[in-house]
Amino acid sequence: MSTSAPANTVIVLDFETTGLSPNQGDRAIEIGAVMLEKGQPVARFQELMNPGFRISRFIEDYTGISNQMLKAAAPCEEVMTRFYDFIGGHNLVAHNASFDQRFLDAEFAQIGCRYSGEFSCSMLLSRRLFPDAPNHKLGSLVAYKNIANDGVFHRALADSEMTAKLWNCLLEELQQSYQLHTPSFKLMQQICSKSKAAVPKFLHAQN
DNA sequence: TGCCAGGCCCTCTTTAGGGCCTT
């Protein structure tokens, strides 16, 4: 973990994008994020961004974000500059974080920015801490844990809000099942680095 | 012409293959 990242504060983020791979020319079209301080949302960020080309019909249908909406949006570089200021040096959380990290890295590379926080992944943690869930898609986990939601999916702020609530469920699971009352971000990262079978023994050893 | 991501994780594995998850 970055030594400059304040404890107990994380940025839970989610990108909507033109596709799956920035290496194939895909760009971000929306970023949403919730700043959690000791589990409580204290700030939010949501902006559409214009990637400079038309998005596919599939992405329009999948996200509900239209080419018309993006035509009126600020360019990616402008939005990502504001987002860089928003995240500061905080650590970061996303569902299937490797996906969002790739786009964050690619978009920040476009504007010459480098962030100092580290990532943790709510999907990898859920696989280890909620092994009985039917699957580990964000929407399925929201239903499995009875997480309150407004029925909006595949929009950046809505998904980051649900991921933030899932993150709190994961912390609660560590508190209730393993009596770990103040799980650190570092511990969350360590859980991800363990195999599913090794996690219970590892967590019991933390006490 | 046909294909086109990448990392994690499980297993009928490790000299591999395929499903999951994100848009």
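Just so we're on the same page: letters track the sequence lines, and every chain starts at 1.
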Does the A:H136 side chain pair with the main chain of A:L125, one donor and one acceptor, at a distance under 3.5 Å?
no
Centres of the A:F83 and A:F45 rings: under 6.0 Å?
yes
For a quick test of reading the model: is some side-chain N or O of A:H95 closer than 4.0 Å to OP1 or OP2 of B:dC21?
no
5'-most contact on DNA chain B: A:K194 or A:R102, nearest heavy atom basis?
A:R102
Quick one: A:K137 NZ to B:dC8 C1', roughly how many Å, whole number?
17 Å
Hey, does A:N135 reach any base, or is it just sugar-phosphate, or nothing, if we go heavy atoms under 4.0 Å?
sugar-phosphate
For a quick check of understanding: with a heavy-atom distance under 4.0 Å over all strands, which category does A:D159 fall into, base, sugar-phosphate or nothing?
sugar-phosphate
Tell me what A:F58 touches on the nucleic acid: a base, only sugar-phosphate, or nothing, going by heavy atoms under 4.0 Å.
base
Any base atoms under 4.0 Å from A:D14, or only sugar-phosphate, or nothing? Heavy atoms, all strands.
sugar-phosphate
Base, sugar-phosphate alone, or nothing: which one does A:S195 contact when heavy atoms must sit under 4.0 Å apart?
nothing
Check the distance between B:dT22's C1' and A:F153's CZ and give it to me in whole angstrom.
15 Å
Would you tell me if any nitrogen or oxygen in the side chain of A:H136 comes within less than 4.0 Å of OP1 or OP2 on B:dC21?
yes
Whole-Å gap separating P (B:dG7) and CG (A:L20):
13 Å
Candidates A:E16, A:E47, A:E161, A:E30 - the one meeting salt bridge (charged side-chain N to carboxylate O under 4.0 Å, His left out) with A:R155:
A:E30
Test side-chain hydrogen bond (donor to acceptor under 3.5 Å, both in side chains) applied to A:T17 and A:D26, step by step:
CA-CA 7 Å; A:T17 70; A:D26 288 317; over 6 Å; no
Side chain to side chain contact (heavy atoms under 4.5 Å, CB included) with A:I11: of A:V34, A:V93, A:L92, A:N91, only one passes, and it is A:L92
With a 4.0 Å cutoff (strictly under), does any side-chain N or O of A:N96 reach OP1 or OP2 of B:dG7?
no
Nearest-nucleotide comparison on DNA chain B, the residue closer to the 5′ end among A:H154 and A:Q24
A:Q24
Checking all strands, does A:I29 fall into the base, sugar-phosphate, or nothing category for heavy-atom contacts under 4.0 angstrom?
nothing
